Amino acid sequence: DTEVTQTPKHLVMGMTNKKSLKCEQHMGHRAMYWYKQKAKKPPELMFVYSYEKLSINESVPSRFSPECPNSSLLNLHLHALQPEDSALYLCASSQEGGQGRPEAFFGQGTRLTVV
Amino acid sequence: QQQVKQSPQSLIVQKGGISIINCAYENTAFDYFPWYQQFPGKGPALLIAIRPDVSEKKEGRFTISFNKSAKQFSLHIMDSQPGDSATYFCAASSRSGYSTLTFGKGTMLLVSP
């Protein structure tokens, strides 16, 4: 099973709202990622968690706050977003790289619209 | 600085033809090169991947060719079908402990019936 599940599939939020995106995987992967993808562009890395610890933050604004409650779950908390933050937010997971299995599997994404 | 250059930006192929997408990289630390297929409104799906210790890998109708000295790799889709119409991304990562992928800009493939 190579499934990464993201909820919700679609989200519309106002600029003053607080919302959360959720991601779940049951492949035993210990690395989890958030990517942002704008229309007709490739995914761009936002955050990397390894063994539930934040390992990489690609200079993402503080209005995006990641959280990894356990090895299977990854959240992205959203607050005071701007319309330009509208995008497809993708979660991915992989085995920790040192184990020689670098394949990263993506979820279906959350289509976020900020109004 | 774009570390993975992908071409063409778009491609139209007749059904049954061969689709070829090319990528070139600059960072010699890259040691894993996957291709992803993405349909509209969906997440990228891992299609096939290669390491630089082999020059070619084939899975069904999909083949990756890899030229380490030229720092280039390509995806060949044989017997292209309308269902293959999607955006294809090449990517690269290094053995840094994570699969942090550097993506090419993508190729929109349309296979005409």
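Note that the structure is a prediction, hence the values are computed from the model and not measured. All chains are named by letter (A, B, ...) in the order of the sequence lines, taking the proteins before the strands, and each is independently numbered beginning at 1. Computed from heavy atoms alone, side chains included, the values below leave out hydrogens, waters and symmetry copies.
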**Asked** Can you name the closest pair of heavy atoms from B:P44 and A:P43 and give their distance?
**Response**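 Scanning both residues, the minimum pair turns out to be CG-CG, 4.2 Å.
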
Are more than 12 heavy atoms from other residues, nucleotides or ligands located less than 6.0 Å from atom [atom1] of [X]?
| X | atom1 | value |
| --- | --- | --- |
| B:Q9 | CD | no |
| B:L110 | CG | yes |
| A:K38 | NZ | yes |
| A:E44 | CD | no |

**Message:** Does any backbone or side-chain atom of A:E58 lie under 4.5 Å from a heavy atom of chain B? Answer side chain, backbone, both or neither.
**Reply:**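 The answer is neither part of A:E58.
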
Anything under 3.5 Å between a donor and an acceptor, one on a side chain of residues 11-18 of chain A, the other on a protein residue two or more places apart or in another chain? List them.
residue : atom : partner : partner atom : Å
A:N17   : OD1  : A:G14   : N            : 2.7

**Prompt:** With only heavy atoms counted, which part of B:P34 is less than 4.5 Å from chain A, the side chain, the backbone, both or neither?
**Reply:**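 Neither part.
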
**Asked** With hydrophobic residues grouped by side-chain heavy-atom distances under 4.5 Å, do B:L47 and B:V54 end up in a single group?
**Response**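 Linked within one cluster.
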
**Asked** Given the rule that I, L, V, M, F, W and Y join up when any side-chain heavy atoms are under 4.5 Å apart, are A:I56 and A:F106 in one cluster?
**Response**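 The answer is yes; both residues are in one hydrophobic cluster.
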
**Message:** Quick one, B:Y32 and A:E103 - any side-chain contact, counting heavy atoms below 4.5 Å?
**Reply:**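 Of all side-chain heavy-atom pairs linking A:E103 with B:Y32, at least one is under 4.5 Å.
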
**Message:** Between B:K105 and A:K40, is there a side-chain heavy-atom distance shorter than 4.5 Å?
**Reply:**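 They are not in side-chain contact.
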
**Message:** Looking at B:L101, is its backbone amide N or carbonyl O close enough to the side chain of A:Y33 to form a donor-acceptor pair, meaning the two atoms are under 3.5 Å apart?
**Reply:**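 Not confirmed, A:Y33 side chain does not pair with B:L101 backbone.
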
Could you grab the distance from atom [atom1] of [X] to atom [atom2] of [Y], nearest 0.5 Å is fine?
| X | Y | atom1 | atom2 | result |
| --- | --- | --- | --- | --- |
| B:F89 | A:K41 | CZ | NZ | 10.0 Å |
| B:T100 | A:F47 | OG1 | CZ | 15.0 Å |
| A:L90 | B:K42 | CG | NZ | 12.5 Å |

